[in-house]
Amino acid sequence: MLLRAFSDVVGRVHVLTETDVVASYAVDWTGRYRGETAAVLRPGSVEEVAAVVALCREHGVPVVPQGGNTGMVGGGVPLHGELVVSLRRLSRVGPVDAAAGQLTAGAGVTLADVQAAAREAGWAYGVDLGGRDSATIGGNVATNAGGLRVLRYGDTRAQLLGVQAVLGTGDVVEHLGGLVKDNTGYALHSLLCGSEGTLGLVTAVRLRLVPPAPARVAAILGMKDAASAVAAAQELRRTLPTLSAAELMLRAGVELVCSVSGAPPPLAAPSDAYLLVEASGTADPTPELSAAVASLAGVEDAAVAEDPQRIAALFRYREGHTEAVNSLGAPPHKLDVTLPNSVLAEMVERLPSVVEAVAPGASVWLFGHVGDGNVHVNVTGVEPDDERVDDAVFRAVAEVGGSISAEHGVGTAKRRWLELNRSAAELRAFASIKHALDPDGIMNPHVLVGSG
Ligand code: FAD
Ligand code: MLT
Ligand code: ZN
């Protein structure tokens with residue numbers, strides 16, 4: 001009965017109910033989170049999204065918004081039988097305002113297409129991440145995605161000037177004018193950014209663009225150990241103004257990527273740790289990078305790339321970690337944490353033993369955006385629902401002032417640990433906001449603060 005009402009709104013062809021078709025929307029990218037749903041709705045306009053939300057409110061139907069389904073924390077899949085609302089059909093790019101250096105995009109536009117549109121307009125987009133071809137800009141906003149260039153341009157929230165969204169109340173809010181200075185009240189776009197679909201569905205976004213930095217150089221530095229790699233990243237942030245990425249890899253992870261992808265080792269002899277660095281600007285940054293690297297301690301060897309293909313090949317050693325770790329069989333536990341810079345080196349060395357203490361024999365794959373303090377602790381060899389490793393790592397991180405979610409979000413995966421980072425007063429404020437914008441508790445009710 002209700003499916004017919006949804007069909008009347010989005011069209012029969014956009015109400016997916018066939019088991020095989022629906023299945024791919026019900027399992028996350030890692031395979032760790034698997035649910036089920038009666039239907040996936042694919043609205044094609046903000047009006048259709050609003051009509052869907054109105055029906056869901058009226059009938060008390062809980063909703064999981066979904067973009068590219070590349071999220072890592074089980075927040076975009078229907079783990080409790082929710083209806084999935086896929087925003088992928090909202091895939092219109094534009095208008096692009098080349099004079100302002102801004103663009104508007106539908107929530108379903110992929111990050112890669114946003115980047116391409118920015119390029120075509122003579123600009124660049126400041127956020128980049130490995131899931132770019134599938135992840136949507138709506139998903140990026142919902143998770144406040146970070147990625148490879150946060151140290152240079154900031155996270156997704158830093159690019160966001162406004163949104164159009166359908167709130168859990170059913171109201172459509174729109175503020176897409178792109179005024180850079182606009183102190184006319186609460187920044188709803190900033191609030192929705194990182195809200196993981198718990199307050200409403202983002203349907204369009206207004207983004208600031210950055211000047212292109214076409215002169216690029218990248219290098220993989222073989223480092224004596226992880227602590228030297230961390231110290232080098234910290235030093236380069238000060239000595240290399242054109243630094244645009246600083247990514248940590250360890251020997252085991254690089255060897256895994258090579259064995260899965262067939263790529264040759266990045267350097268003639270292996271190092272225990274690697275730092276992938278990129279400098280970019282309008283003038284050739286190679287001399288500046290070479291001088292800065294020459295004064296670093298602990299560098300054993302380096303591979304430098306200046307042409308786009310070689311640079312991409314160096315980045316594949318780092319970006320290849322996600323797929324390589326996922327190819328090992330049972331889904332990994334993906335623990336995405338930020339550490340204060342003062343303890344970053346020490347914690348990068350200590351975290352494997354934190355895992356070992358609760359899961360002897362498990363494998364730890366450590367990599368990440370070390371230039372902004374973000375480390376990805378991936379653990380394999382542990383059952384998907386055995387959360388002892390997650391618990392031990394999150395507690396160790398929180399104890400030293402770190403965050404249990406750097407960039408992936410809280411989702412369903414980290415809800416039970418949120419109080420490690422957030423006070424009772426903050427959680428009460430979260431609950432009040434949730435209740436105000438989603439009074440029926442239908443928007444992603446098992447994610448982040450939850451509807452309970
Ligand atoms: P989904 O996975 O579909 O959803 C994610 C969350 O957002 C869910 O809670 C969902 O309900 C909500 N949501 C999605 N769309 C909307 C919407 N329009 N309105 C309201 N809520 C919505 N992330 C990083 O931050 N940095 C990285 O470096 C990074 N690298 C990655 C590399 C790979 C290979 C992969 C597979 C993933 C990577 N990710 C990374 C994770 C992922 O790409 C991001 O979290 C991304 O922002 C998710 O976008 P999505 O469209 O796939 O969202
Ligand atoms: C990355 O930096 O590669 C992503 O955040 C994905 C991952 O954690 O595997
Ligand atoms: Zn990441």
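Ligands are counted one by one from 1 in listed order, and the atoms in each one are counted from 1 as well.
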Could you list the donor-acceptor pairs under 3.5 angstrom formed between side-chain atoms of residues 46-68 and any protein atom two or more places apart in sequence or on another chain?
unit_1, atom_1, unit_2, atom_2, d
E47, OE1, S45, OG, 3.3
E48, OE1, G44, N, 2.8
R57, NE, D440, OD2, 2.4
R57, NH1, T169, O, 2.7
R57, NH2, D440, OD2, 2.9
Q66, NE2, Y25, O, 2.9
Q66, NE2, G76, O, 2.8

If you look only at distance, which donor and acceptor atoms sit under 3.5 Å apart when one is on a side chain in residues 108-120 and the other is two or more places apart or in another chain?
unit_1, atom_1, unit_2, atom_2, d
T110, OG1, D113, N, 3.1
T110, OG1, D113, OD2, 3.4
Q115, NE2, V127, O, 3.1
Q115, NE2, D128, OD1, 2.8

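Counting heavy atoms closer than 4.0 Å to ligand 1, residue M72 contributes side-chain atoms (C-beta onward) but none from N, CA, C or O. In A107, the part holding a heavy atom less than 4.0 Å from any atom of ligand 1 is the side chain. Residue V202 touches ligand 1 through backbone and side chain together, judged by heavy-atom distances below 4.0 Å. At a 4.0 Å heavy-atom cut-off, ligand 1 does not touch E319 at all. By the criterion of a heavy-atom distance under 4.0 Å, both the backbone and the side chain of T136 are placed next to ligand 1. With a 4.0 Å heavy-atom cut-off, ligand 1 is reached by the backbone of N140 and by its side chain too.
Taking 4.0 Å as the cut-off between side-chain N and carboxylate O, E319 and R132 count as a salt-bridged pair. No salt bridge links E399 with R395; every basic N to acidic carboxylate O contact stays at or beyond 4.0 Å.
Between L335 and V389 the shortest side-chain heavy-atom distance falls below 4.5 Å. The shortest side-chain heavy-atom distance between L188 and V163 does not fall under the 4.5 Å cut-off. Two residues are said to be in side-chain contact when any heavy atoms from C-beta on lie closer than 4.5 Å; Q159 and L209 fail this criterion. Using a 4.5 Å heavy-atom cutoff, the side chains of H189 and L161 are not in contact.
Polar contact with ligand 1: present for T70 (N/O pair, distance under 3.5 Å). Residue G146 places at least one N or O, backbone or side chain, under 3.5 Å from an N or O of ligand 1. Geometrically, ligand 1 and E407 share a nitrogen or oxygen pair separated by less than 3.5 Å. For Q66, no nitrogen or oxygen atom sits less than 3.5 Å from a nitrogen or oxygen atom of ligand 1, counting backbone and side chain alike. In terms of N/O distances under 3.5 Å, ligand 1 is approached by N444. Polar contact check, P65 against ligand 1: a nitrogen or oxygen pair lies under 3.5 Å apart.
Using 4.0 Å as the threshold, G409 has no heavy atom nearer than that to any atom of ligand 1. Using 4.0 Å as the threshold, E323 has no heavy atom nearer than that to any atom of ligand 1.
Every atom of ligand 1 is numbered from 1 in the order shown, and the set under 4.0 Å from a heavy atom of L201 is 19 (N), 20 (C). Residue G147 has at least one heavy-atom neighbour below 4.0 Å for each of these atoms of ligand 1: 26 (N), 27 (C), 28 (O). Atoms of ligand 1 lying under 4.0 Å from any heavy atom of G75, numbered from 1 in the order shown and given with element: 8 (C), 9 (O), 10 (C), 11 (O). If you number the atoms of ligand 1 from 1 as listed, the ones under 4.0 Å from a heavy atom of G197 come out as 20 (C), 21 (N). Interface of G200 with ligand 1, defined as ligand atoms under 4.0 Å from a residue heavy atom, comprises 20 (C). Below 4.0 Å from some heavy atom of W29 lie the following atoms of ligand 1, by number and element: 36 (C). Near H369, meaning under 4.0 Å from any of its heavy atoms, are these atoms of ligand 1: 28 (O).
Remark: of the listed residues R318, R149, R316, R318 is the sole one forming a salt bridge (Lys or Arg N to Asp or Glu O under 4.0 Å) with E247. Across N378, N326, D390, a single residue satisfies side chain to side chain donor-acceptor pair (under 3.5 Å) together with K334, and that is N378.
Taking atom 45 (O) of ligand 1 as the reference point, the nearest protein heavy-atom neighbour is T143 OG1, 3.6 Å. Distance from atom 1 (P) of ligand 1 to its nearest protein heavy atom, with residue and atom name: N69 N, 3.6 Å. Scanning the protein for heavy atoms near atom 50 (P) of ligand 1, the closest one is G68 N, 3.4 Å. The nearest heavy-atom contact from the protein to atom 23 (N) of ligand 1 is H408 CD2, 3.6 Å. The shortest contact between atom 29 (C) of ligand 1 and any protein heavy atom is with L129 CB, 3.7 Å.
A donor-acceptor pair under 3.5 Å is absent between the side-chain atoms of T70 and the main chain of S134, judged by distance alone. A donor-acceptor contact shorter than 3.5 Å is absent between the side chain of R216 and the backbone of S280. The closest donor-acceptor contact from the side chain of R415 to the backbone of L448 lies under 3.5 Å. A donor-acceptor pair is defined here as one N or O able to donate and one able to accept, closer than 3.5 Å; no such pair exists between the side chain of D438 and the backbone of L167. With hydrogens and angles disregarded, a donor-acceptor distance shorter than 3.5 Å links the side chain of D336 to the backbone of E407. Side chain of R157 to backbone of C193: a donor-acceptor contact under 3.5 angstrom is found. Checked by atom type and distance alone, the side chain of K434 pairs as donor or acceptor with a backbone atom of T198 at under 3.5 Å. No donor-acceptor pair under 3.5 Å is formed between the side chain of N444 and the backbone N or O of V447. No side-chain donor-acceptor contact under 3.5 Å links N69 to the backbone of V77. Between the side chain of D225 and the backbone N or O of A229, no donor-acceptor pair lies under 3.5 Å.
Closest heavy-atom approach to atom 12 (C) of ligand 1 within the set A142, G67, G71: this belongs to A142. Within the set G139, G411, A204, A145, the minimum heavy-atom distance to atom 15 (N) of ligand 1 is found for G139. Considering only non-hydrogen atoms, atom 33 (C) of ligand 1 lies nearest to G131 out of G131, A165, A135.
Around atom CD of E387, more than 12 heavy atoms belonging to other residues, nucleotides or ligands sit under 6.0 Å away. For E419, the CD atom is loosely surrounded, since the number of other residues' heavy atoms within 6.0 Å does not exceed 12. Annotation for E255: atom CD counts as buried by contact number, over 12 foreign heavy atoms lying within 6.0 Å.
Contact residues of ligand 2 (protein heavy atom closer than 4.0 angstrom to a ligand atom; sorted by chain and number): R318, T322, K334, F367, H369, H376, E407, H408.
By the criterion of a separation under 2.8 Å, the protein N/O/S atoms near the Zn ion (ligand 3) amount to H369 NE2, H376 NE2, E407 OE2.
Ring geometry, H321 versus F367: the interplanar angle falls from 30° to 60°, so the pair is classed tilted.
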